[in-house]
Every structure is written in structure tokens, then in C-alpha cells.
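In what follows, a structure is listed as C-alpha cells, so that the remarks can point back to it.
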Amino acid sequence: MHKVHVLSVFGTRPEAVKMAPLIKELESEPLIKSTVCVTGQHREMLEQVLKIFQIVPDFDLKIMENNQDLSTTAAKCLEGVSQVIKELNPDFVLVHGDTSTTFAAALAAFYQKVPVGHVEAGLRTQNKYSPFPEEINRRLTASIAELHFAPTVENKQNLLQENITAGIYVTGNTVIDAMKYTIKDDSIFHERKLNEINFSRESSILLTAHRRENVGEPLIRICKAVKRILKDIKGLKFIYPVHLNPRVRETVFDILGDEPGVLLTDPLDVVDMHNLMKRCWLVMTDSGGLQEEAPFLGKPVLLLRDNTERPEALAAGTVKLVGTAEERIYQAVADLLNNEEEYSRMASAKNPYGDGNASKRIVQAILYRFGLADEPHQFY
Ligand code: UD1
Ligand code: UDP
């Protein structure tokens with residue numbers, strides 16, 4: 001029996017979380033041979049995800065170096081992935097999202113004339129420097145890809161506007177599929193310090209910030225806002241799992257390291273992360289993934305950015321665009337504390353990112369592309 005050989009390439013934490021359920025689905029499909037190549041753009045943060053989902057990559061390019069710049073990362077990915085494609089000669093290459101790994105892997109496949117499927121396609125801010133370099137990574141990847149797996153109808157519209165009209169499937173986001181694995185009723189956290197938090201007594205705020213355009217002054221303002229909030233408002237606890245980027249860690253530990261109201265942790269594994277989000281009162285973040293996960297768990301999000309490629313949750317009402325000005329962040333938290341009605345409205349908005357079956361839909365579309373399935377109909 002001829003099997004379609006699908007090579008999935010990813011390298012960072014968010015790509016791994018969102019590709020993991022799809023890898024599982026590819027592995028369980030008898031008509032597909034699945035091979036996984038990680039670039040290792042991230043190391044510890046990637047390992048955490050692979051371990052949780054028990055994925056053992058067939059190839060690991062191990063490209064990470066401390067404080068690596070964008071061109072070095074992309075160049076190493078391009079060269080490494082090209083070698084893997086030459087060796088395997090796969091029928092199809094799958095990439096995810098908008099990182100250096102995403103674009104370089106798509107380009108490597110293009111140079112070998114192997115068709116590419118882009119998971120989480122069509123997200124746009126229309127601002128090429130924000131997020132940087134992700135907006136351009138995803139646009140370039142879209143121009144290479146043959147199949148575009150768009151999480152939402154809005155994402156599909158963005159692709160149509162760029163004259164990409166064929167091969168678009170609206171699937172939902174695979175992050176919702178991932179949460180089916182990770183959310184537990186009785187969560188004992190792997191990170192012990194989290195088990196000491198009394199979630200019913202303290203209003204806990206889950207905070208993450210790592211975006212390249214927030215590193216430096218904006219991150220300093222975010223940390224200062226946290227200090228000010230804690231000084232004026234009692235009964236709050238911030239939990240901040242700090243990204244391993246040394247530039248992020250330096251600022252965060254410098255400003256918040258001795259703050260008793262802040263628990264700084266290393267990056268959490270994704271089971272801890274999702275279950276912490278489920279139990280916290282509020283999410284403050286500049287992360288893409290957290291913007292999608294929080295609406296599924298009914299948690300309001302204050303978004304520490306000036307724009308977003310995920311307008312669906314803004315429209316649904318779960319996410320509020322706050323930016324990085326100290327005063328605005330402070331006011332946004334104070335307003336939510338004083339306005340229960342507003343909090344309930346944000347917490348009860350409908351999750352716009354799908355039903356947790358995105359991976360199944362993507363596999364069906366790949367099989368159809370290779371003549372191994374009827375035209376799939378179960379898309380949004
Ligand atoms: C990358 C992605 C970004 C994504 C983010 C998710 C690009 C250009 N950026 O940004 O889109 O939102 O991942 O987290 O692709 N580091 C470690 N260990 C790790 C991971 C990172 O030490 O496990 C440190 C290294 O010093 C590394 C630095 O963090 O050089 C930055 O990593 P990099 O992948 O370049 O950028 P991110 O900011 O993580
Ligand atoms: N995440 C995690 N541990 C952490 C922080 C984030 O498991 O300490 C997960 C999070 O739940 C989401 C993904 O990592 O699934 C988001 O990654 P990140 O914020 O680094 O990247 P982005 O989504 O902004 O590209």
C-alpha cells in the first residue's frame with residue numbers, strides 16, 4: 001500500500017504544543033507515514049512539550065545557541081532542513097505558524113519542490129514590524145504553501161485578500177485539540193510552588209511576556225506596572241513563568257525578583273500551564289498561544305501589545321487590547337477588580353478557535369490532496 005510520507009518540521013515551544021496533536025493524528029492514520037524533524041530552535045522549552053506528548057523526533061538539528069540572532073537561526077534551519085528533505089524525499093512537508101523555523105523549513109521544501117502545508121495559516125496584523133519578524137515569516141510561508149490550514153474564517157479572508165484562493169481549509173486551531181490532552185480535573189502541579197497557592201483566597205494573575213518587540217523598555221514598563229498594582233491593591237498574586245530568553249530574564253528578575261506578591265518560575269510544562277490558566281483569575285500576556293487558550297477556559301485576557309493577529313477573541317470579548325503603558329495596565333487591572341459585571345462578560349464569551357478536531361480535518365485534507373480520501377466536507 002502506498003503511504004503518503006509527511007515530514008513535520010517545528011522548533012519552538014508554541015509550534016510543538018500545536019503540532020503535537022496533529023503528529024498523534026498523523027501517526028494513527030494507516031495511509032500516512034509520519035516523520036518528525038525538530039530544528040531545536042528552542043531547547044529546554046521544546047523538550048518539555050515533546051516529553052508531555054511523548055513525541056520522539058526522528059531528526060533533531062540542535063540549532064539553538066544563546067542569544068542567537070534571526071539570520072543565524074534561519075540560515076541554520078534552512079541548511080539543516082534541506083539536508084533532511086534530501087535524505088528522505090517526503091511527499092509533503094508540514095510547518096506551523098510564523099517562527100524562523102516555519103519560514104526556513106517552508107523555503108527548504110520549496111527549493112526541493114516538495115509541497116508544503118501551513119498549519120495556523122492566515123493570521124495577520126498587516127503591520128510588517130509587529131509582531132516582528134512573525135508577520136513576514138507567515139506571509140512568506142503562505143506564498144510558498146500549497147495547503148493552508150486556517151484556524152478561523154477571518155484567517156481565510158486574510159489569505160483571499162492576498163490572492164491566495166486555492167487549498168484553504170478552515171479547521172479550527174490545533175491548540176484546542178492539545179488542551180484535550182492537558183486539562184485535568186484534579187491538577188497537582190509538577191512545579192511544586194504552584195501547589196502552595198490558595199486560588200480561592202488570592203486573586204491570581206497569570207503573566208507572561210516574551211515578544212521581541214516588548215523586550216527592553218516595554219517589558220520594563222510591564223514589570224513596573226505589576227509593582228505598582230501590588231503596592232496599591234491587596235490580595236493579588238502574580239505568577240510569571242519566565243521565558244528562557246536571557247534578555248527577558250534579566251529585566252524580569254531585576255525588577256520583580258524580590259517582590260513578595262510575584263512568583264517567578266522557570267517555563268512551566270504545558271500541562272501545568274493549561275491547568276494554572278484554568279485556575280487563575282486573570283491572564284496578562286503578549287503571547288499568541290495564550291490568547292487562544294484563555295477563551296477556551298473562560299479566562300479574561302489583558303493583552304500587553306498594541307495590536308493582534310487574533311481579532312476573534314477581541315470581538316468575542318474575552319481579550320482586551322491594553323498595550324504596554326504602565327498607567328493603562330494599572331487601570332485595566334483596577335477596572336476589572338471593581339467591575340464584576342465586566343469580568344463576567346469577558347469570562348463568559350464564546351471560544352472562537354474551534355472544537356478540538358482541527359488535527360482530524362488537516363489529516364483528511366492531506367489525504368484528499370493525494371487522492372486517498374473523498375473531498376472533505378466537515379470544515380467551518
Ligand atoms: C521564538 C519565535 C517567536 C515565538 C517564541 C515562542 C522567532 C523569530 N521567534 O521567539 O515567534 O513567539 O519563540 O516562545 O522564531 N532560549 C533558551 N532555551 C529555550 C528557548 C530559548 O535558552 O528553550 C533562549 C536562547 O538564548 C535563545 C533565546 O532564548 O537564543 C531566543 O530564542 P529564539 O527562538 O530566537 O526567540 P524567541 O524569543 O524564543
Ligand atoms: N506555555 C507553556 N509554559 C510556559 C509558557 C507558555 O507551556 O511557561 C505554552 C502556552 O500554554 C502556549 C505556548 O506555550 O501553548 C505559547 O508559547 P509562547 O507564549 O512562548 O509563544 P507564542 O504563542 O507567543 O508564539
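Read the numbers this way: they start at 1 and go in the same order the structure lists the ligands and their atoms.
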Checklist entry - Which is it for P133 and ligand 1 at heavy atoms under 4.0 Å: side chain, backbone, both or neither? => result side chain
Next on the checklist: Run R138 and E135 through salt bridge (charged side-chain N to carboxylate O under 4.0 Å, His left out) and show every step you take.
Outcome noted: CA-CA 6 Å; R138 56 197 175 214; E135 177 76 1; 2.6 Å; yes
Checklist entry - Between P131 and ligand 1, which residue portion shows a heavy-atom distance shorter than 4.0 Å: side chain, backbone, both, or neither? => result neither
Item to check | Heteroatom proximity flag, D286 to ligand 2, N/O under 3.5 Å | outcome: no
Next on the checklist: Checking contacts here: is it the side chain or the backbone of P14 that comes within 4.0 Å of ligand 1, counting heavy atoms only? Could be both or neither.
Outcome noted: side chain
Checklist entry - N/O of T208 under 3.5 Å from N/O of ligand 2, yes or no? => result no
Checklist entry - So is R13 polar-close to ligand 2, meaning N/O to N/O under 3.5 Å? => result yes
Next on the checklist: For atom 16 (C) of ligand 2, what's the nearest protein heavy-atom neighbour? Residue, atom name and distance, please.
Outcome noted: S287 OG, 3.8 Å
Checklist entry - What residue and heavy atom of the protein are closest to atom 21 (C) of ligand 1, and at what distance? => result H42 CD2, 3.7 Å
Checklist entry - Who's the nearest protein heavy-atom neighbour of atom 11 (O) of ligand 2, and how far? => result E293 OE1, 2.8 Å
Checklist entry - Among L290, L268, T99, whose heavy atom sits nearest atom 3 (N) of ligand 2? => result L268
Checklist entry - Given that the side chain starts at C-beta and the backbone is N, CA, C, O, which of these parts of H210 lies under 4.0 Å from ligand 2, counting heavy atoms, or is it both or neither? => result side chain
Checklist entry - Counting heavy atoms only, which part of E134 comes closer than 4.0 Å to ligand 1: side chain, backbone, both or neither? => result side chain
Next on the checklist: Does the Lys NZ or Arg CZ of R228 fall within the cation-pi geometry relative to Y330 - under 6.0 Å from the ring centre and within 45° of the axis?
Outcome noted: yes
